[in-house]
Amino acid sequence: MSVRTQPRAGVREWLGLAVLALPTLLLSVDATVLYLALPHLTTDLWPTATQTLWIVDIYGFMIGGFLITMGTLGDRIGRRRLLMIGALAFGAASVLAAYATDPTVLIAARALLGVAGATLMPSTLALITTMFRDPGQRGMAIGVWAACFSAGLAAGPLIGGALLELFWWGSVFLLAVPVMVVLLVAAPVLLPEAKDPQAGRIDLVSVALSLAAMLPAIYSLKVIATEGIEVGALVALVASVVFGVLFVRRQRTLADPLLDLRLFTRPSFVGALLALLVGLAVVGVVYLFATQYLQMVSGLSPLAAGLWLLPSAVAMIVTSIAAPVLARKVAPGLLVAASLVVSAVGYVLLAFVDGPNGMALVVAGLVVIYLGIGPMMALGTDLVVSRAPAERAGSAAAMSETSMEFGLALGVAVLGSLGAAVYRSELPGGTPAEATESLAGALAVGNADLVAAAREAFTSALNAVGWAGAVAAVGIAVVTALLVRGPEAGPNQSAMEEAATSRN
């Protein structure tokens with residue numbers, strides 16, 4: 001069978017990729033930097049406990065809820081245009097957040113940041129698929145995109161720590177302004193415009209149904225993760241399912257649907273989405289537990305903990321970029337599945353951490369985990385976006401991002417609840433209520449014996465999350481190997497599938 005040839009990208013496209021890396025880096029930095037700024041803004045704005053939760057969570061709610069809508073909107077009005085609109089909105093909302101004078105204004109600014117962020121991620125990924133038609137180059141470009149996301153997660157604590165040492169808490173939001181200015185100046189020069197020339201009007205009923213399905217689902221998962229199963233969370237979850245069913249039924253009747261359900265008939269597409277969903281669910285909650293271990297069990301400062309997280313970020317950067325090269329020699333399902341198995345080994349290492357002196361094992365476990373997550377993210381994303389027609393690239397990119405966003409929320413809800421249950425069960429009888437809520441609460445009580453017991457209990461929780469993560473990673477590896485078995489007919493082959501075709 002002959003291999004299809006596609007035009008190869010030149011200097012302009014690679015420079016354009018550097019421009020697209022800017023919002024990717026920024027959004028991943030923003031995902032971690034707020035946690036460092038939270039104590040500082042709390043002493044300044046004095047938000048209530050409920051307002052503090054909304055300051056943290058509203059950003060993720062808005063991103064998760066609007067991703068599919070914004071991805072499809074980009075297919076209609078142009079992905080570069082949507083990227084620039086989102087960049088302008090993100091910069092303006094960042095200024096509003098930085099100079100917020102009360103919690104309500106900050107919550108509103110964070111909500112606007114979430115909506116603007118939902119325009120940026122699918123636009124960057126869709127533009128990459130437009131700019132890099134050659135499967136090998138596209139795989140490499142998506143690998144760079146995934147590496148930038150990892151670099152931002154690692155750089156967040158370092159950048160945030162440095163800014164908070166020198167300036168006030170609002171400086172962490174102002175970081176976005178120069179980045180967005182560069183993007184707005186360079187995008188018209190280096191990025192092509194791309195959209196579906198035959199797209200119809202966007203269906204507002206479908207938009208409303210998608211938001212009604214997504215937002216309650218994310219809300220319920222976050223409530224279950226922090227407060228356990230309660231009536232309000234269950235009602236929200238049921239409402240999400242009902243609106244989700246109505247959304248799917250409507251898409252089947254539309255000539256130009258908001259979400260093309262035919263993509264879900266492709267096993268490789270479904271397998272890649274599941275790999276991203278479960279892979280991010282596990283790594284997200286493990287990252288949360290590991291960072292708390294480094295700071296509250298091993299006693300590191302946020303900046304020192306960030307430095308110890310750098311090796312794992314470097315591991316993911318290297319494997320994300322190397323993955324497309326490996327994809328030329330290894331079958332698609334096997335490569336993604338193998339990377340998940342590698343990450344499972346890292347989770348097992350975390351299961352053997354013993355007490356406050358296990359920092360080296362935690363760092364080693366994270367390095368192994370991220371060695372596996374890099375190829376899974378890069379190649380899984382490539383499989384998802386390459387299955388869609390070029391005119392639907394924004395919608396496919398949004399589905400990829402949505403699966404990862406839901407994965408993070410699902411991981412905290414399920415595995416986070418498991419870790420919290422183990423933590424509480426390991427505490428001695430008579431422990432004060434605030435100490436049973438979290439390790440931070442136990443440290444606030446200040447009793448030396450209680451602090452020691454709480455640190456041991458938290459380590460046991462980390463062990464349990466490690467074992468559960470290993471089981472989940474191996475399980476989804478098997479599913480991925482079965483679903484992503486070879487090339488499928490479609491408008492775009494992924495880099496992995498192109499390699500498989502050429503071997504035949």
Side-chain angles (χ1 to χ4, degrees), residues 32 150 153-154 221 224-225 274-300 305 308-313 315-316 319 337-377 404 407-427 438-440 442 452-480:
T32 56
S150 173
L153 290 176
L221 290 174
I224 291 171
L274 289 174
L276 292 172
L277 176 74
V278 178
L280 268 293
V282 178
V283 77
V285 73
V286 165
Y287 183 86
L288 177 63
F289 271 76
T291 52
Q292 290 183 77
Y293 176 92
L294 292 175
Q295 294 179 73
M296 291 186 282
V297 178
S298 292
L300 299 180
W308 279 108
L309 292 171
L310 278 179
S312 58
M316 183 173 173
T319 55
S339 68
L340 287 164
V341 172
V342 169
S343 69
V345 174
Y347 297 130
V348 170
L349 291 179
L350 297 182
F352 286 98
V353 174
D354 186 16
N357 298 321
M359 186 179 72
L361 193 56
V362 170
V363 173
L366 288 175
V367 169
V368 177
I369 289 168
Y370 278 85
L371 282 172
I373 292 298
M376 184 275 295
M377 276 194 64
M404 290 190 280
L408 292 171
L410 184 64
V412 173
V414 177
L415 294 184
S417 298
L418 170 65
V422 172
Y423 169 75
R424 287 191 293 267
S425 69
E426 294 288 323
L427 290 172
S438 66
L439 177 55
R455 284 173 170 164
E456 290 292 340
F458 188 84
T459 304
S460 297
L462 176 63
N463 299 153
V465 170
W467 281 121
V471 172
V474 171
I476 198 62
V478 173
V479 172
T480 303

Can you list the residues that meet the side-chain contact (heavy atoms from CB on, under 4.5 Å) rule with Val348, with sequence neighbours excluded? Phe352, Trp467, Ala470
d(Leu366 CG, Met316 CE) to nearest 0.5 Å is 12.5 Å
Taking ring-ring contact (aromatic ring centres under 6.0 Å, His included) as the definition, give me every residue that meets it alongside Phe289, ordered by chain and number, with sequence neighbours left out. Phe458
Between the CD1 atom in Ile373 and the OH atom in Tyr287, the distance rounded to the nearest 0.5 Å is 13.5 Å
Taking only residues two or more places apart in sequence or in another chain, which ones pass side-chain contact (heavy atoms from CB on, under 4.5 Å) with Ala464? Val422
Side-chain contact test, heavy atoms from C-beta onward, threshold under 4.5 Å: evaluate it for Val362 versus Leu462 and give yes or no. yes
If you take all heavy atoms of Ala442 and Tyr423, which pair is closest and at what distance? CB-OH, 3.7 Å
Between CD1 on residue Ile476 and CG on residue Leu276, distance to nearest 0.5 Å: 10.0 Å
Would you name the heavy atoms of Arg455 and Leu439 that are closest together and state the gap between them? N-CD1, 4.0 Å
Considering all heavy atoms of both residues, which atom of Pro356 and which atom of Ser298 are nearest to each other, and what is their separation? O-OG, 3.4 Å
Note, Leu300 side chain near Met359 side chain (heavy atom, < 4.5 Å): yes
CG on Leu294 to CG on Leu309, rounded to 0.5 Å: 6.0 Å
